[in-house]
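In the text below, chain A, chain B and the rest are named by the order of the sequence lines, each starting its count at 1. The figures here come from the full heavy-atom set of this structure, side chains too, leaving out hydrogens, waters and symmetry mates. Predicted model, so just to flag it, every value in this text is computed and none were measured.
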Protein chains: 2
Amino acid sequence: MALMETGKYSQGSLLGSVNPDLASERQTASFSVEKLTAWLDGALRSPWPRENQYFESQNERYEAAVRKAVHLQKKMDEMGWTENGPEFKYIYRALSGDLAFLLHRIFTRSISMLGSDQQIAKWIPLATQYQLIGSYAQTELGHGTYLQGLETTAVFDITTQEFVLNTPNISAMKWWPGDMGRSATHTVVFAQLYVNGKCYGLHPFIVQIRSLQDHSLCPGITAGDIGPKMNFEHIDNGYLMLQNVRVPRENMLSKFCEVQPDGTYVRRGSQKINYFTMTTVRISLILDEVVIPLMKACTIAIRYSVVRRQSKLKPGEQEAKILDYQTQQEKLLPQLAAAYAFYFISDYLQELFDRGYREIQRKNFDMLPELHAFSSGFKAMVTQYSTSAVEICLRACGGHGYSLLSGLPSLYTKIVASCIYEGENTILFLQTARFLIKCFMAASTGQPVPPSVTYLAAVTPEKCPAKNKLDFLSPDIYTEAYQHMAARLINSTAAKLQDLVQSGVKKHDAWNQCTVQLAQAAKAHCHYITVKNFAETVEKLETQPGIQKIMKHLCDLFALHGIFSNAGVFLHDGYISGAQMDMVTASYLDLLAVIRKDAVPLVDAFDFTDKTLNSALGSYDGQVYQRLYEWAQKSPTNKQISPAYERYLKPLLHKTLSKL
Amino acid sequence: MALMETGKYSQGSLLGSVNPDLASERQTASFSVEKLTAWLDGALRSPWPRENQYFESQNERYEAAVRKAVHLQKKMDEMGWTENGPEFKYIYRALSGDLAFLLHRIFTRSISMLGSDQQIAKWIPLATQYQLIGSYAQTELGHGTYLQGLETTAVFDITTQEFVLNTPNISAMKWWPGDMGRSATHTVVFAQLYVNGKCYGLHPFIVQIRSLQDHSLCPGITAGDIGPKMNFEHIDNGYLMLQNVRVPRENMLSKFCEVQPDGTYVRRGSQKINYFTMTTVRISLILDEVVIPLMKACTIAIRYSVVRRQSKLKPGEQEAKILDYQTQQEKLLPQLAAAYAFYFISDYLQELFDRGYREIQRKNFDMLPELHAFSSGFKAMVTQYSTSAVEICLRACGGHGYSLLSGLPSLYTKIVASCIYEGENTILFLQTARFLIKCFMAASTGQPVPPSVTYLAAVTPEKCPAKNKLDFLSPDIYTEAYQHMAARLINSTAAKLQDLVQSGVKKHDAWNQCTVQLAQAAKAHCHYITVKNFAETVEKLETQPGIQKIMKHLCDLFALHGIFSNAGVFLHDGYISGAQMDMVTASYLDLLAVIRKDAVPLVDAFDFTDKTLNSALGSYDGQVYQRLYEWAQKSPTNKQISPAYERYLKPLLHKTLSKL
């Protein structure tokens with residue numbers, strides 16, 4: 001029995017060596033980690049130190065984010081890097097987005113897109129040099145998703161050639177805009193435009209809110225920070241009230257609409273392109289804000305699960321690595337497969353988007369509805385799935401996962417926001433559903449529909465042809481099952497909708513009464529496309545057989561996990577029988593043991609640096625307990641004797657001295 | 001168009017009046033809220049102010065928790081209240097458990113239960129007066145669920161009549177014990193006892209860790225706070241290392257085991273009762289730490305959903321309350337039904353426990369296995385279900401739900417811990433499964449089993465007899481469906497287990513290969529009992545027809561939501577057909593609209609004070625936007641101009657002055 005020696009477990013002694021359990025997992029990889037890493041193109045090395053982040057207050061997090069943003073901008077100027085270049089992307093990922101002035105970028109983008117040439121010439125150079133800090137004030141306390149309901153007003157005053165902006169109501173206060181709480185000097189305010197008493201709807205206005213001299217609020221402006229949130233403490237999400245704030249006529253962004261000096265309202269060009277911006281944002285957030293965090297959570301949980309040993313699989317043996325328990329595999333490995341599936345679907349969406357963009361440049365807007373529907377549905381599905389996946393990873397690490405030092409709580413509290421921002425998920429699913437129902441109706445009457453949805457009208461066999469559990473490792477078999485299921489859900493919901501309308505229910509009520517099923521159908525469609533795309537990605541890997549093999553396993557696992565977890569929709573019409581579902585379950589559980597062997601190399605391939613992961617449980621060297629202990633010692637709770645001792649405890653405890 | 005007047009929306013102007021949308025919901029209640037409240041016995045009025053909690057640091061939260069604990073103890077002494085009395089329970093709930101020294105109570109309880117009469121006489125009076133602060137050091141960095149694996153050692157030194165305690169390894173460091181990081185002067189340490197080189201297993205020792213004089217660490221002790229966690233910031237969860245720490249022989253708690261002066265080890269009495277303590281804790285946490293938070297989340301989300309209006313159900317109409325959308329109802333109302341279901345199951349478990357306790361007092365330990373299995377399985381099911389329910393409530397409130405000021409993030413980050421502490425849920429489900437498999441085997445061979453599991457051997461009809469959607473509002477129909485499903489899952493998993501063993505797989509491997517399905521079967525059993533108990537509770541309400549009617553709706557909703565969401569397990573063997581599943585869906589969706597009418601009164605009946613809810617979205621008066629704004633202004637982020645301005649922004653912005 002070893003007795004402890006002083007200093008043996010103090011600072012740094014085990015760091016530098018790799019935990020042998022982790023090391024052995026890497027030696028048995030069935031494929032080349034380097035090749036997979038290269039293929040994923042996932043180099044994420046970080047130049048910034050990240051220590052102490054878990055101990056910082058909201059004020060400190062904000063200050064650090066401003067510092068990083070300003071330094072980064074300086075560096076970008078020096079190096080000639082652009083916002084869309086690979087360097088910025090790389091740094092953004094390495095920093096996990098912990099930067100100020102992301103809304104400033106939206107401010108700039110909105111002026112570039114919605115501003116006239118003169119407006120662009122005036123504002124953009126200032127903005128790109130951080131000589132003003134911009135924000136983007138759209139959402140109000142009372143309105144998020146329903147933009148038409150926004151209440152802020154901008155009334156044209158012909159005598160002074162100004163717009164007079166007002167917050168008519170507490171619910172009209174701008175609420176949530178990033179960079180507005182403490183940083184912004186200017187913002188783009190969306191307001192209902194009134195000219196001569198007539199409302200022309202929402203328009204964007206550049207409004208200065210803070211002095212460039214001393215940063216004090218401008219006359220008529222009330223603004224501040226909305227306070228603590230579940231995460232994003234580094235961002236100063238703000239509120240803004242406007243009271244008779246006057247801006248010159250030239251401050252209405254006027255590429256598409258203008259109020260002329262005499263009060264004439266002129267609209268020009270197409271606003272359809274705005275539609276396309278939301279699509280861009282939704283597609284790009286899938287990778288940056290969702291898939292990357294999910295990959296991190298998998299990396300942390302899987303590495304920890306081969307270092308952590310608990311209880312015994314067989315009596316008399318050493319305690320087992322927890323990843324050797326079937327239940328732990330069943331928690332983590334499907335999430336790992338999902339991380340790969342969503343990485344591939346984000347690629348697929350990017351390609352679809354690029355194709356659409358080329359068409360739009362040729363003034364062909366035909367792909368817009370499909371792009372909008374896809375970006376909405378996939379944003380909703382991927383964020384929802386990944387949020388629950390990160391939660392599973394967190395819980396699978398037990399008590400230590402619950403410590404902020406594991407990195408998992410902050411991954412969760414951040415990713416859960418992605419279900420809400422850039423379109424609340426239920427609303428997004430319903431937009432996808434509207435598109436699918438429309439396509440289904442068109443396809444049923446023989447009209448042309450986009451290739452991605454032709455399956456809605458195609459006839460599929462009524463029974464799944466699988467005869468044994470190995471048949472369910474055939475991508476044709478499971479992809480067809482997903483296709484059948486998605487088509488059936490859309491079909492049956494369309495029928496319910498029609499029945500309701502035919503029975504006299506008003507169209508809007510009928511729609512509302514079908515929304516639970518419509519959302520389910522939209523999700524099923526996205527799930528099907530994700531499985532199909534994963535299978536196609538694997539097929540294309542024929543030149544790299546080692547990687548193809550392991551990717552095939554992951555694809556099978558992702559598909560079978562989906563059938564296992566949503567058995568009802570596959571069994572419902574008997575397409576898959578109960579006996580076949582048992583085969584699915586058997587194949588699914590078999591796969592867990594197969595993939596388990598390569599679990600660590602599969603997350604190593606994501607190639608996160610320890611700094612980017614920022615996790616005491618997930619570091620490459622697996623020195624879990626040592627790092628937890630070292631980090632805990634840095635906590636501010638260990639930096640002082642609490643005043644509570646002097647004030648409350650000392651008087652009580654001193655009474656005891658004589659008694660013990 | 002109203003223009004804003006100065007001061008119109010400043011402090012307090014709308015508080016005092018109730019939002020008319022909320023008020024009208026209360027007028028149309030189909031039952032008496034007062035009666036339901038009385039029946040629930042849920043008076044939770046709080047005497048403590050709670051403001052600013054959302055802005056406090058970990059240090060500040062800790063200090064506040066100590067202050068409250070010390071004041072409360074003083075009050076209890078003055079009033080003669082006891083820890084098990086109703087007053088303490090009431091205050092604990094009103095404070096949402098935000099108190100220090102909860103582990104001190106476990107310290108006290110462990111001495112009372114495991115200590116000799118002399119030990120009790122010496123330590124308990126000091127502990128109850130807070131003349132020492134105790135903790136309970138069981139879990140180590142490397143071991144939580146598997147107690148046998150704990151590594152801390154206590155070696156008996158016969159020459160000095162002392163035990164020498166050591167932390168032989170970094171993974172043996174005590175980690176997580178509450179009240180240990182900064183407060184405790186003493187702790188009960190669980191360590192492997194060695195006498196003359198022989199290991200006698202885990203035993204509890206009282207160890208002093210901090211000076212009563214100046215609170216400095218005692219010789220050989222290393223201790224501190226484990227740092228930030230996802231919640232519980234008010235608790236100083238700690239770490240502890242022991243290096244040749246000597247305690248007198250009398251400090252081993254010796255009700256059941258003793259080391260005599262000559263080194264003879266004596267064991268006496270039964271330790272079975274320890275088993276029972278875990279059962280107690282698991283049963284009591286269901287109500288206090290899980291059902292109450294779930295009720296709070298429902299209250300917040302449902303009240304907010306009738307104040308929040310967004311978009312239109314019909315063109316031309318006013319914007320609709322979001323609770324009038326089917327998708328919002330489908331998110332929230334099943335969680336409300338679950339809150340009631342779990343409230344009733346916690347009652348059921350308490351009764352079962354009381355019955356068991358009476359038997360144990362008569363030295364009859366027969367009910368222990370059933371009690372252990374039930375407390376484990378229900379703890380796991382209720383915590384898992386409720387955690388996801390609280391998350392649904394949070395997300396259903398959109399962006400504002402994500403603000404800490406909504407109260408929902410802290411409800412979530414706290415309740416998610418309940419899936420891990422007092423037994424990790426998967427391990428608990430597997431313990432329940434072991435009991436169920438044993439009972440199933442026994443029942444199949446005609447041996448007697450506890451009444452709660454006789455159904456495992458009972459024959460149920462092979463097809464659900466429901467003919468139309470109304471049949472699914474019959475508790476007999478759906479209870480039988482649940483029973484059939486649970487019995488089938490246990491039956492088929494037992495068969496798989498047997499097949500594997502008969503085909504030569506070793507027993508432990510076979511068990512591991514079935515654990516995913518075993519956990520599913522255990523959950524199904526608990527779900528069935530919960531539905532059955534809800535139906536029985538409703539039946540007993542015959543003297544209160546108004547309440548019985550609305551409870552019947554909630555019971556139906558809980559049951560049908562479970563079938564709708566787990567359709568696969570009901571469809572699998574054809575017990576419920578696809579056509580019947582459509583009936584379930586139709587009845588389920590119909591119920592949403594029925595219960596929606598009473599949604600607000602149903603949460604009002606939980607009778608939380610605004611202070612206890614501590615939510616800007618969920619207060620009784622529904623002044624959501626006003627309160628969000630007022631609370632945000634108090635945030636520390638609004639108390640200073642950030643140093644980031646002077647340091648980073650001012651130099652940049654001043655360059656702009658000449659240009660604009």
query = Counting N and O atoms only, with roles assigned by atom type, does the side chain of A/D225 sit under 3.5 Å from a partner on the main chain of B/N638, one being a donor and the other an acceptor?
reply = no
query = Non-hydrogen atoms of chain B under 4.5 Å away: do they reach the side chain of A/T413, the backbone, both or neither?
reply = both
query = Counting N and O atoms only, with roles assigned by atom type, does the side chain of A/H572 sit under 3.5 Å from a partner on the main chain of B/G578, one being a donor and the other an acceptor?
reply = yes
query = Given side chains that start at C-beta, do those of B/S642 and A/V66 come closer than 4.5 Å, heavy atoms only?
reply = no
ask   = So which part of B/Y62 gets closer than 4.5 Å to some heavy atom of chain A, the side chain, the backbone, both or neither?
value = side chain
ask   = Is it the side chain or the backbone of A/T585 that comes within 4.5 Å of chain B heavy atoms, both, or neither?
value = side chain
note = The interface call for A/S57 against chain B, heavy-atom contacts under 4.5 Å, is neither
ask   = Should B/D509 and A/K314 count as an ion pair when the cut-off is N to O under 4.0 Å?
value = yes
query = Heavy-atom distance under 4.5 Å to chain B: side chain of A/Y421, backbone, both or neither?
reply = neither
task = Classify the angle between the aromatic ring planes of B/Y629 and A/W175 as parallel (below 30°), tilted (30 to 60°) or perpendicular (above 60°).
result = perpendicular
message = Counting only non-hydrogen atoms closer than 4.5 Å, does A/L649 touch chain B with its backbone (N, CA, C, O), its side chain (CB onward), both, or neither?
response = side chain
Check: B/H400 side chain, A/L141 main-chain N or O, donor-acceptor pair, under 3.5 Å = yes
ask   = With sequence neighbours left out, what residues match A/A519 under side-chain contact (heavy atoms from CB on, under 4.5 Å)?
value = A/F429, A/L430
Gap separating the SG atom of A/C419 from the CG atom of B/L394, nearest 0.5 angstrom = 10.0 Å
inquiry  = Among A/G144, A/G568, A/P228, A/C199, which residue has the highest count of heavy-atom pairs closer than 4.5 Å to chain B?
reply    = A/P228
task = Please identify each residue that fulfils side-chain contact (heavy atoms from CB on, under 4.5 Å) with B/I427, with sequence neighbours left out.
result = B/T145, B/E424, B/Q431
request  = Using modelled atom types only, decide if a donor and an acceptor are shared between the side chain of A/N512 and the backbone of B/D324 within a distance under 3.5 Å.
outcome  = yes
request  = Identify which part of B/D582 has an atom lying under 4.5 Å from any heavy atom of chain A, answering side chain, backbone, both or neither.
outcome  = both
ask   = Using non-hydrogen atoms only, which part of A/C514 is less than 4.5 Å away from chain B: side chain, backbone, both, or neither?
value = backbone
ask   = Side chain, backbone, both or neither: which part of A/N231 has an atom under 4.5 Å from a heavy atom of chain B?
value = both
request  = Could you look at A/E63 and say if it's the side chain, the backbone, both or neither that has a heavy atom under 4.5 Å from chain B?
outcome  = both
ask   = In terms of heavy-atom proximity below 4.5 Å to chain A, should B/Y402 be classed as side chain, backbone, both, or neither?
value = both
ask   = After noting the C-alpha distance and the side-chain angles of A/Y412 and B/Y412, does the key distance pass the ring pair (Phe, Tyr, Trp, His ring centres under 6.0 Å) rule?
value = CA-CA 11 Å; A/Y412 174 80; B/Y412 174 80; 5.0 Å; yes
remark   = With chain A, the option among B/A100, B/P315, B/A396, B/S492 that has the most non-hydrogen atom pairs under 4.5 Å is B/P315
ask   = How long is the gap from CZ on B/R395 to CG on A/N425, to the nearest 0.5 Å?
value = 6.5 Å
ask   = Given that the side chain runs from C-beta out, which part of B/Y325 has a heavy atom under 4.5 Å from chain A: side chain, backbone, both or neither?
value = both
Contact origin within A/L313 toward chain B - heavy atom pairs under 4.5 Å = both
Leading residue by heavy atom contact count with chain B [cutoff under 4.5 Å; candidates A/Q129, A/Q328, A/K331, A/Q192] = A/K331
ask   = Contact part of B/L404 toward chain A, heavy-atom cut-off under 4.5 Å: side chain, backbone, both or neither?
value = both
ask   = Tell me, do A/H215 and B/K650 make a side-chain contact under 4.5 Å, heavy atoms counted?
value = no
query = Where the side chain of B/H654 meets the backbone of A/Q213, is there a donor-acceptor pair that is under 3.5 Å apart?
reply = yes
N/O donor-acceptor pair under 3.5 Å between A/Q513 side chain and B/Q326 backbone = no
message = Under 4.5 Å from any heavy atom of chain A, what part of B/V516 do you find: side chain, backbone, both or neither?
response = both
Pairwise side-chain contact, B/Q58 with A/S635, heavy-atom cut-off 4.5 Å (strictly under) = yes
ask   = Picking from B/D573, B/L628, B/N237, which has the most non-hydrogen pairs under 4.5 angstrom with chain A?
value = B/L628
query = What part of A/Y645 lies closer than 4.5 angstrom to a heavy atom of chain B: side chain, backbone, both or neither?
reply = side chain
inquiry  = As an exercise: rank A/V569, A/L518, A/T185, A/D214 by heavy-atom pairs under 4.5 Å with chain B and give me the winner.
reply    = A/D214
inquiry  = Tell me whether B/R182 contacts the main-chain N or O of A/T637 through its side chain, where contact means a donor paired with an acceptor under 3.5 Å.
reply    = yes
Interchain contact, A/L408 with chain B, by part (heavy-atom threshold 4.5 Å) = neither
